[in-house]
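As structure tokens, the structure follows; a few thoughts come after it.
What's counted below: heavy atoms across the whole structure, side chains too, no hydrogens, waters or symmetry copies.
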Amino acid sequence: MSDLVLREDKGGVAILTLNRPDKLNALSGPMFEALDEHLKTIARQSSKIGLVVLRGAGGHFSSGYDMAEIAKAVRAHAKPHYESEVIEFLANMPQPTIAVIEGQCCTGALELALACDLIVAAESARFSEVYSRWGLTPIWGLSLRLPRRVGSARAREIMFTCRVYDGKRAEQINLANYCFPDAALEEELDRLAADILANSWYSNQVCKRVLIETDALPLKEAHALEMFKNEGLAPDAEQRLKAFLQRKSTV
């Protein structure tokens with residue numbers, strides 16, 4: 001498998017690392033193919049992997065799509081919207097996903113991060129969306145996912161000004177769920193992962209699917225979908241409830 005995206009499994013977490021540090025992890029067709037392969041494998045391992053973490057090597061998430069490829073109109077895949085399909089697959093992964101942002105997270109990389117359930121930023125993070133600077137337009141879902149995360153007015157600001165937002169500001173405007181000092185990032189990320197993994201993986205995956213399927217539905221229809229497609233108790237529910245009652249009886 002290509003080393004453009006590395007995979008490390010750690011206690012139920014699959015860590016995927018974009019690995020072009022000499023290019024600030026600039027996205028490319030071959031990198032998307034490597035990411036696609038990893039994601040499809042992980043999606044089939046929902047009983048083994050309870051959380052997916054996406055990050056970049058060398059202190060940066062990604063500087064965005066490789067401008068050299070855009071300038072040459074190079075396509076690494078025959079499907080015209082292949083990259084969009086990979087990002088959409090990431091957005092619909094059965095497991096919860098976290099994008100970890102250090103350093104640059106620019107334009108196409110921001111689209112990739114927005115497809116994750118949670119975004120965790122280091123203070124060093126630098127978020128930006130600069131399609132308009134280069135006369136380009138978003139096609140990977142940014143114009144849909146960004147306003148859903150930060151609100152329409154703030155999305156317009158980000159897209160029209162092409163300004164850079166650090167990790168703290170990203171947290172303030174809800175672009176990031178958390179911002180941590182760089183020195184504390186790994187420890188805080190481990191704590192967050194442990195909190196997620198401590199819960200029923202089955203329940204997490206059902207909750208994620210319901211959130212996706214009910215998105216933008218009217219409340220009545222969404223409630224009906226939630227009720228009538230209810231998965232019932234998780235396979236580990238009895239064990240979890242029993243353990244809770246036992247702890248309560250000893251207090």
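With a 4.5 Å cut-off on side-chain heavy atoms, Ile98 and Ile119 do not count as touching. Within the 4.5 Å cutoff, no side-chain heavy atoms of Ser132 are placed close to those of Met159. Using a 4.5 Å heavy-atom cutoff, the side chains of Glu8 and Thr17 are not in contact. Side-chain atoms of Leu118 and Thr97, non-hydrogen and from C-beta on, never get closer than 4.5 Å to each other. Thr161 is not listed as a side-chain neighbour of Ile158, based on a closest heavy-atom distance of 4.5 Å or more.
The residue from Ile15, Leu39, Leu90 that alone fulfils the side-chain contact (heavy atoms from CB on, under 4.5 Å) condition with Leu54 is Leu90.
Contacts of Phe32 classified as ring-ring contact (aromatic ring centres under 6.0 Å, His included), with partners at least two apart in sequence or in another chain: Trp140. Residues that satisfy the salt bridge (charged side-chain N to carboxylate O under 4.0 Å, His left out) test with Lys40, not counting sequence neighbours, are Asp36. For Arg133, the salt bridge (charged side-chain N to carboxylate O under 4.0 Å, His left out) criterion is met by no residue, not counting sequence neighbours. Arg149 pairs by the salt bridge (charged side-chain N to carboxylate O under 4.0 Å, His left out) definition with nothing, not counting sequence neighbours. Every residue two or more places apart in sequence or in another chain was checked for a side chain to side chain donor-acceptor pair (under 3.5 Å) with Lys168, and none qualifies. By the salt bridge (charged side-chain N to carboxylate O under 4.0 Å, His left out) test, Asp166 is found to be paired with no residue, residues two or more places apart in sequence or in another chain being considered. In terms of the side-chain contact (heavy atoms from CB on, under 4.5 Å) criterion, residue partners of Asp9 (sequence neighbours excluded) are, by chain and number, Arg7, Ala14, Lys48, Ile49. The side chain to side chain donor-acceptor pair (under 3.5 Å) test applied to Ser63 returns no partner, not counting sequence neighbours. For Asn174, there are no side chain to side chain donor-acceptor pair (under 3.5 Å) partners at least two apart in sequence or on another chain.
Sorted by first then second residue, the ring-ring contact (aromatic ring centres under 6.0 Å, His included) pairs that include residues 169-194, not counting sequence neighbours, are Tyr178-Phe180. Residue pairs meeting the salt bridge (charged side-chain N to carboxylate O under 4.0 Å, His left out) criterion with at least one partner in residues 187-206, sequence neighbours excluded, are Lys10-Asp190, Glu188-Arg191.
Ion pairing of Asp117 with Lys208 is present here, as a side-chain N (NZ or NE/NH1/NH2) and a carboxylate O approach within less than 4.0 Å.
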Enumerate, atom names and distances included, each donor-acceptor pair closer than 3.5 Å involving a side-chain atom of residues 101-109, sequence neighbours excluded.
| residue | atom | partner | partner atom | Å |
| --- | --- | --- | --- | --- |
| Glu102 | OE2 | Arg55 | NH2 | 3.2 |
| Thr107 | OG1 | Val130 | N | 3.0 |

Which is it for Tyr165 and Gln172 under the side-chain hydrogen bond (donor to acceptor under 3.5 Å, both in side chains) test, yes or no, and what are the steps along the way?
-> CA-CA 10 Å; Tyr165 298 77; Gln172 289 170 354; over 6 Å; no
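Closest approach of Gly12 and Leu197 over heavy atoms only: O-CD2, 3.9 Å.
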